[in-house]
Amino acid sequence: IYPLGLLVVDLLPGFQDVLSQASTSPVTSYKKLEGWSSDQNEWNEKLYPFWEEGDPRWRDCWKGGRVTAKLDSDSPALVGSNVTFFVTLQFPKCQTEDNDGNIVYRRNCTQDPPVFGDQQFYVYNWTEWTDSCGWGNCSSNHSHNVFPDGRPFPHHPGWRRRNFVYVFHTFGQYYQTTGRSSANFSVNTANITLGTHGMAVSIYRRGRSGFVPIARAKAEYFVTDKIPISVSMYQKHDRNLSDSIFIKDSPITFDVKIHDPSHYLNNSAISYKWNFGDGSGLFVASGSSTSHTYTLQGNFTLNLTVQAIIPVPCKPVTPTAPPPTSAVTTEASTDPDSSPTVESVEDNPDEGCHIYRNGYYGSGIDIVEGILEVNIIQMTSIQMTESQAENSLVDFVVTCQGSLPTDVCTVVSDPTCQVSKSMVCDPIVVTDECLLTIRRAFEEPGTYCINITLGDDTSQALASALISVNGGSSSGTSEGLFIFLGLLAVFGTIGAFVLYKRYKQYKPIERSVDPTEKQEGFAAYFSTVKAIFFPNSMEKNPLLKSKPGIV
């Protein structure tokens with residue numbers, strides 16, 4: 001028979017007994033985390049009851065349905081930096097938290113099945129107990145203001161609106177805090193071993209005589225001694241940026257992103273060492289963005305090493321006898337896995353100290369022939385009869401450089417090239433030379449911005465031009481230009497005929513002119529006029545004679 005007091009102590013559960021249900025793996029040895037407590041401490045189960053999964057009380061602990069919790073983190077975290085956890089409560093439909101911390105039904109919200117009676121206006125009045133007792137003045141509720149381990153709630157502004165208690169558990173330790181419908185906190189990873197660990201959280205709501213469990217959640221987080229990095233690649237004419245296929249003779253932009261949400265590396269010296277795998281050698285840069293042009297087709301392996309020199313406080317120097325050289329060599333060779341988990345601190349001549357961290361990235365890249373350039377070399381308005389005059393047709397003669405295209409898209413926009421009016425895409429077959437004619441219709445007269453894109457499976461290139469349809473000036477030949485030149489020719493012919501008649505009928509008598517001389521003078525004059533308005537050479541643009549089929 002045990003003494004009564006000893007029996008009570010033995011029956012009191014610990015944090016490990018209550019929270020281990022949500023843990024991913026037990027921890028036998030650990031280093032203490034700053035601000036955390038050992039899960040060997042006793043848990044006040046009378047004030048904070050513990051329910052097993054499947055307990056029917058979970059169904060009745062919240063009006064309107066079951067509350068769930070979502071736990072996330074900004075991991076992976078570089079060892080020595082902070083990892084931050086975010087937990088958010090997700091209430092049943094039509095429920096939300098107001099500015100006073102109360103949970104209320106949203107107005108004009110329909111439930112399925114619908115709620116009736118006073119439940120439509122139901123409110124969890126969390127702060128009712130403080131109105132009569134105040135903070136710490138009511139002896140019957142004094143135990144109501146403590147965490148599961150008996151520590152009092154912190155005094156802070158807005159404590160009356162924090163109606164939930166969050167208890168986090170990881171690495172054999174726990175952290176407890178109060179909050180509203182969401183909470184977040186950060187943990188320094190200096191004393192956390194490398195690898196994947198589990199974080200669990202248990203959430204309690206404030207009740208009249210105690211706290212009621214409402215939800216649990218867990219998530220994994222990762223601590224590493226390699227700098228977490230990612231690389232995004234961009235190329236001007238690349239059609240699909242996610243397929244790692246790029247175009248020869250066109251620069252590729254590489255942008256490095258370091259995952260450092262706690263800004264642990266802000267004061268570090270960071271260098272980027274590139275090897276593009278095409279025999280161009282090692283390239284070292286101090287910036288996170290660079291570009292490279294592959295001049296050959298084929299498959300290449302890209303490798304990047306990011307190195308950070310991190311300043312840290314110097315450790316005190318303790319004079320010790322240097323170990324034998326052979327012993328050091330033997331120890332290093334027999335323990336190859338010790339380097340990732342040990343931070344090497346070096347003393348500089350200026351008494352500053354630093355540690356080195358590296359990050360690595362590798363990727364395969366395929367370089368292919370692609371479409372590098374598109375040019376609109378001619379625009380021609382198509383003459384139509386009055387019965388066909390509903391739309392204005394324009395032919396665009398287009399050339400390109402690089403590989404042969406397989407499709408063409410034409411986008412018609414406003415003159416600023418900002419507002420798209422129509423887009424037409426067609427498959428094309430080009431077997432020999434990249435020269436094709438694209439015919440497009442315009443419903444109304446005006447000035448338009450034309451974007452013509454030629455593409456194949458891996459690349460695409462664009463050409464733009466402004467064109468005026470039906471009467472406006474154009475960057476190429478248009479219908480308005482043809483009308484203007486025709487009228488000019490008619491008026492010029494009429495003017496030349498009037499001048500000819502005038503000079504032919506009028507013969508001055510004051511001065512006699514040799515007929516041969518006068519004939520030669522008039523002949524030279526009319527030859528000039530005729531050359532202007534009636535040129536002998538009517539040669540047309542030879543490109544129009546060799547145009548392929550119209551798209």
Side-chain angles (χ1 to χ4, degrees), residues 371-402 404-456 460-493 531-551:
I371 302 174
L372 297 178
E373 184 177 352
V374 173
N375 294 299
I376 302 174
I377 62 175
Q378 189 168 350
M379 295 181 288
T380 306
S381 180
I382 306 302
Q383 299 293 334
M384 297 176 297
T385 62
E386 293 183 359
S387 60
Q388 300 173 332
E390 294 182 0
N391 294 330
S392 299
L393 298 180
V394 178
D395 281 352
F396 300 89
V397 181
V398 179
T399 64
C400 67
Q401 297 180 8
L404 297 178
T406 58
D407 57 77
V408 57
C409 289
T410 305
V411 179
V412 179
S413 308
D414 68 328
T416 64
C417 300
Q418 299 295 323
V419 181
S420 176
K421 297 181 178 296
S422 65
M423 181 177 70
V424 179
C425 293
D426 297 301
I428 57 176
V429 178
V430 181
T431 58
D432 185 13
E433 181 184 2
C434 187
L435 175 65
L436 67 153
T437 300
I438 304 167
R439 176 170 293 179
R440 291 294 179 253
F442 297 86
E443 297 181 356
E444 299 178 355
T447 302
Y448 298 94
C449 173
I450 307 297
N451 291 330
I452 298 179
T453 302
L454 301 182
D456 58 13
Q460 61 183 7
L462 169 71
S464 301
L466 285 175
I467 181 172
S468 295
V469 179
N470 288 347
S473 59
S474 172
S475 58
T477 306
S478 64
E479 183 179 353
L481 181 58
F482 282 122
I483 296 175
F484 174 75
L485 292 178
L487 293 176
L488 184 62
V490 171
F491 285 118
T493 303
I532 295 175
F533 295 102
F534 304 96
N536 291 327
S537 177
M538 299 298 292
E539 180 182 3
K540 296 182 180 180
N541 194 322
L543 287 175
L544 300 179
K545 299 179 181 179
S546 61
K547 291 190 300 182
I550 298 176
V551 180

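- The shortest non-hydrogen separation linking Leu454 to Cys400 is CD1-CB, 3.8 Å.
- By the side-chain hydrogen bond (donor to acceptor under 3.5 Å, both in side chains) test, Ser420 is found to be paired with no residue, residues two or more places apart in sequence or in another chain being considered.
- Distance check, rounded to the nearest 0.5 Å: NZ of Lys421 to CD of Glu444 gives 8.0 Å.
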Q | Criterion side-chain contact (heavy atoms from CB on, under 4.5 Å) on Val397 and Thr380, from CA distance to verdict | A | CA-CA 8 Å; Val397 181; Thr380 306; 5.6 Å; no
Just list the side-chain donor-acceptor pairs under 3.5 Å for residues 406-418, sequence neighbours left out, or say none.
unit_1	atom_1	unit_2	atom_2	d
Thr406	OG1	Gly455	O	3.2
Asp407	OD1	Arg239	NH2	3.3
Asp407	OD2	Arg239	NH1	3.1
Thr410	OG1	Arg440	NE	3.2
Thr410	OG1	Arg440	NH2	3.4
Asp414	OD1	Thr416	OG1	3.2
Asp414	OD1	Cys417	N	3.3
Asp414	OD1	Gln418	N	3.0
Asp414	OD1	Val419	N	2.9
Asp414	OD2	Thr416	OG1	2.6

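- Between Ile467 and Val394, the closest heavy-atom pair is CD1-CG1, 3.6 Å.
- Across all their heavy atoms, Ile452 and Val374 have their closest contact at O-CG1, 4.3 Å.
- Distance CD1/Ile438 to CD1/Ile376: 7.5 Å, rounded to 0.5 Å.
- Note: Phe396 CZ to Ile377 CD1 = 13.0 Å, rounded to the nearest 0.5 Å.
- The line from OG1 of Thr447 to CD1 of Ile450 is 10.5 Å long, rounded to the nearest 0.5 Å.
- Summarising the geometry, atom CG belonging to Leu435 is positioned 11.5 Å from atom CG belonging to Asn375; distances are rounded to the nearest 0.5 Å.
- Rounding to the nearest 0.5 angstrom, the gap separating the CD atom in Gln378 from the OG1 atom in Thr437 is 8.5 Å.
- Among all heavy-atom pairs drawn from Leu466 and Met379, the shortest one is O-CE, 4.1 Å.
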Q: Determine, stepwise, if the pair Cys434 / Thr399 fulfils side-chain contact (heavy atoms from CB on, under 4.5 Å).
A: CA-CA 5 Å; Cys434 187; Thr399 64; 5.6 Å; no
